[in-house]
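Each remark here refers to the structure printed beneath this line.
Naming: A, B, ... by sequence-line order, numbering from 1 per chain.
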Amino acid sequence: MSNKPSLPRGMRDFGPEKMAKRNFIFNTIKSVFSKYGFMQIETPAMENLSVLTGKYGDEGDQLLYKVLNSGDFLSKSSIDDFNSGSNKLTQKISNKGLKYDLTVPFARFVVMNRNDVTLPFKRFQIQPVWRADNPQKGRYREFYQCDADVVGTESLLCETEIVLMINEVFDRLGITEFTIKMNSRKVLKGIVEAIGAGENETDFLVAIDKLDKIGLDKVKEELSSRGLDANMISMAEDFLSIKGTNNEVIEALSNLLSSSEIGMEGISELNKIQEFLEPFDLRNAHIEIDPTLARGLSYYTGAIFEVKINNVKMGSVSGGGRYDDLTGVFGMPDISGVGFSFGVDRIYDVMDELGLFPEEVTTTTNVLIAHFDEESRQYGLSTLGKIRNEGISCEIYPDIAKIKKQFNYADKKGIPNVIVIGSDEINSGFLKLKDLTTGEETKGEIESLIQKMLD
RNA sequence: GUGAUUGUAGUUCAGUUGGUUAGAACGCCUGAUUGUGGUUCAGGAGGUCGUGGGUUCGAGUCCCAUCUUUCACCCCA
């Protein structure tokens, strides 16, 4: 009675090779975060639904994984609850869910630990999050986010540091062709004001965010189908057709937004961030101010970022922005924060596609000890200890097996060295070390073989 | 949530208008080689054709449902 096992939709295993590559990314991100003074925290997989709902918009709420209450969860609900629809019923039978991102749980953490955290608080977090989305390329139902946030300061230096960290991480991963897109919610607000589309703000943002993907004409079509009139659309076109260097873009925006206070504020912030970046040598950073960048998450209020890898069909691999009052809903108002997140799973897919993983990341054991019988295996144990004491990763074949099988194991696992121990070796104390990549054999006492491997 | 698409050996895939016992390559195991892996040669094991129903004398092949894969929309990392 053995059924073939399977995995829920959108969930994945990571074998040894994949984990080695993923750890390469995780370690890189971790070391950069630490270098910039961020401290790691973790929060649980599940949060109360009261913490999660209402923070990601209606769409986001639908993508939340909800967990059924324990025990006889139906006993506390009535047929009336059932009849009033799944929304009402859900509230009765489920009060917790899997986290949807790392930022909201972090806000909850800050509020709950407000007496212990010193502001400004810089933290990073690397954990899986879950979304009941439809899987496709670069989109999974369980995926890892690597978040770094600073809360408790409005300084634009934080935005600057984010750009620096993004730059450094991609640089160290060997990804050179990427673009950091930057905009400000304030600029977007200014644009909405300027064209008088205040009532359709969300419609407007959703439509212009697609400019890259579907082109100007389609965006205009969409704007009109979303209820904007011809006059608004022609004004919107002025904004959508802004092109050029960052300074040119800022200048064009200034001209169009001169009457909007909030718009001008956004522009001066973007300018300041640029100014802060000047002292740094950003060779690979392609920072692009893009007035059409909108981003979905509703809690952003200031600068927003998104990173795309050029020439690869893949959504954004990193994104973030400033939120002025995320902790406000948890009863701790006026704490400004800014943060961003790396999508490790997408970065992995891109690096895999572009062949950017260095060979070394998959290296395993360095030495295998092969033996012929009980006696030589026993002798091999002391050899094993000596080699490990030198910090060299080493394993001994656990079974008494044909020497051929043991070599085969080393070959399959990619172990580059094999030490063979048999009665000759035990008697003479001279062991044989074979380098499987070259086929070369060295004979010597264990100390000299260790020395050779260390060289 | 909407609309397509996919599923056959461990893996990648063949499989004719529905017809006898479902194939290949690679991988795996054993031996040639009793103290040496990768090459070569010989042999071998592996499939309830995603699952459950239906049509038919007969289904891997046709129909329905369901799960899964990939993709687009929506949204997003």
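In this structure, K404(A) does not reach the G38(B) phosphate: none of its side-chain N or O atoms is under 4.0 Å from OP1 or OP2. For C75(B), neither phosphate oxygen OP1 nor OP2 lies less than 4.0 angstrom from any side-chain nitrogen or oxygen of Q62(A). Side-chain N/O atoms of R9(A) include none lying less than 4.0 angstrom from OP1 or OP2 on C67(B).
Whole-Å rounding puts the K412(A) NZ to C28(B) C1' distance at 8 Å. Between R141(A) atom CZ and C76(B) atom P the separation is 17 Å, expressed in whole Å. We find that CG of D13(A) is positioned 13 Å from P of U11(B), with the value rounded to whole Å. Distance OH (Y299(A)) to P (C75(B)): 17 Å, rounded to an integer number of Å. Residue L63(A) contributes atom CG, which lies 10 Å from atom C1' of C74(B) at whole-angstrom precision. Atom CE in M314(A) sits about 11 Å away from atom P in A72(B), given to the nearest Å. When the C1' atom of C28(B) is taken as reference, atom CG of D411(A) falls 15 Å away, rounded to whole Å. Here the C1' atom of nucleotide A4(B) and the CD atom of Q136(A) are 12 Å apart, to the nearest Å.
Here the separation of U5(B) from G46(B), taken at their C1' atoms, is 30 Å to the nearest Å. Look at the C1' atom in both U11(B) and A4(B): the space between them is 27 Å, to the nearest Å. On the C1' atoms, U48(B) is 14 Å away from A9(B), given to the nearest whole Å. For G58(B) and U17(B), the C1' atoms lie 15 Å apart once the distance is rounded to whole Å. Using C1' as the reference atom, G27(B) and G10(B) are 7 Å apart when rounded to the nearest Å. With P as the reference atom, G7(B) and C73(B) are 24 Å apart, rounded to whole Å. Across C49(B) and G18(B), the matching C1' atoms stand 15 Å from one another, rounded to whole Å. Separation of the C1' atoms belonging to U8(B) and U69(B) is 15 Å when rounded to the nearest angstrom.
Remark: the N134(A) side chain and the U2(B) base include a donor-acceptor N/O pair separated by less than 3.5 Å. Judged by atom type and distance alone, Q406(A) does not reach the base of G35(B) through any side-chain donor-acceptor pair under 3.5 Å. Side chain R139(A) to base C75(B): a donor-acceptor pair is found below 3.5 Å. In this model, no side-chain donor or acceptor of K405(A) finds a partner on the base of G37(B) within 3.5 Å.
E374(A) and Y379(A) form no side-chain donor-acceptor contact under 3.5 Å, judged by distance and modelled atom types alone. Side-chain contact of D324(A) with Y300(A): a donor-acceptor pair under 3.5 Å is absent, judged by distance alone. In this model, a donor atom of one side chain and an acceptor atom of the other lie less than 3.5 Å apart for E395(A) and T365(A).
At a threshold of 4.0 angstrom between heavy atoms, the contacts of E441(A) include nucleobase atoms, whether or not backbone atoms are also involved. Counting any heavy atom pair closer than 4.0 Å across all strands shown, K402(A) reaches sugar-phosphate atoms only and no base atom. Among the atoms of the strands shown, base atoms are found under 4.0 Å from some heavy atom of D133(A). Contacts of E425(A) with the nucleic acid, taken as non-hydrogen atoms under 4.0 Å apart, include base atoms. Residue-level contact check: Q145(A) touches the backbone only, with heavy atoms under 4.0 Å from sugar-phosphate atoms and none from bases. Using a 4.0 Å heavy-atom cutoff across all strands shown, L436(A) reaches at least one base atom of the nucleic acid. Nucleic acid contact for K210(A): sugar-phosphate only, since backbone atoms but no base atoms lie under 4.0 Å from a heavy atom of the residue. Within the nucleic acid shown, V317(A) comes within 4.0 Å of sugar-phosphate atoms alone, with no base atom in reach, counting heavy atoms only. V206(A) comes within 4.0 angstrom of sugar-phosphate atoms only, judged by non-hydrogen atoms across all strands, and of no base. Residue contacts for S341(A): at a heavy-atom cut-off of 4.0 Å it reaches no nucleic acid atom on any strand shown. At the heavy-atom level, Y140(A) lies under 4.0 Å from base atoms of the strands shown. Residue-level contact check: G10(A) touches the backbone only, with heavy atoms under 4.0 Å from sugar-phosphate atoms and none from bases. Nucleic acid contact class of S376(A) (heavy atoms, under 4.0 Å, all strands): none. Residue G138(A) is classed as a base contact, given a heavy-atom separation below 4.0 Å to a base.
Ring planes of Y397(A) and H371(A): tilted class, angle from 30 to 60°. Ring geometry for Y323(A) versus Y299(A): interplanar angle over 60°, hence perpendicular rather than tilted (30 to 60°). The aromatic rings of F124(A) and F33(A) are tilted relative to each other, their planes meeting at an angle between 30° and 60°.
Y140(A) carries R12(A) over the face of its six-membered ring, with the cationic atom under 6.0 Å from the centre and within 45° of the normal.
Checked against the 6.0 Å centroid threshold, F342(A) and F170(A) count as a close aromatic pair.
For the pair F372(A) and G35(B), the ring geometry does not qualify as stacking, because the centroid separation below 5.5 Å and plane angle under 30° are not jointly satisfied.
Position along RNA chain B of the nearest nucleotide to K137(A) versus E59(A) favours K137(A) as the more 5'-ward residue. Closest-nucleotide positions on RNA chain B for G60(A) and K434(A) were compared, and the one nearer the 5' end corresponds to K434(A).
With a glycosidic angle further than 90° from 0, G23(B) counts as anti.
Around CG of N310(A), the count of heavy atoms belonging to other residues, nucleotides or ligands within 6.0 Å exceeds 12.
Distance from the side chain of R131(A) is smallest to C76(B) among C76(B), G37(B), U36(B).
Summarising the base pairing, G44(B) is matched to C28(B) through a Watson-Crick or G-U wobble pair whose two defining distances lie under 3.5 Å.
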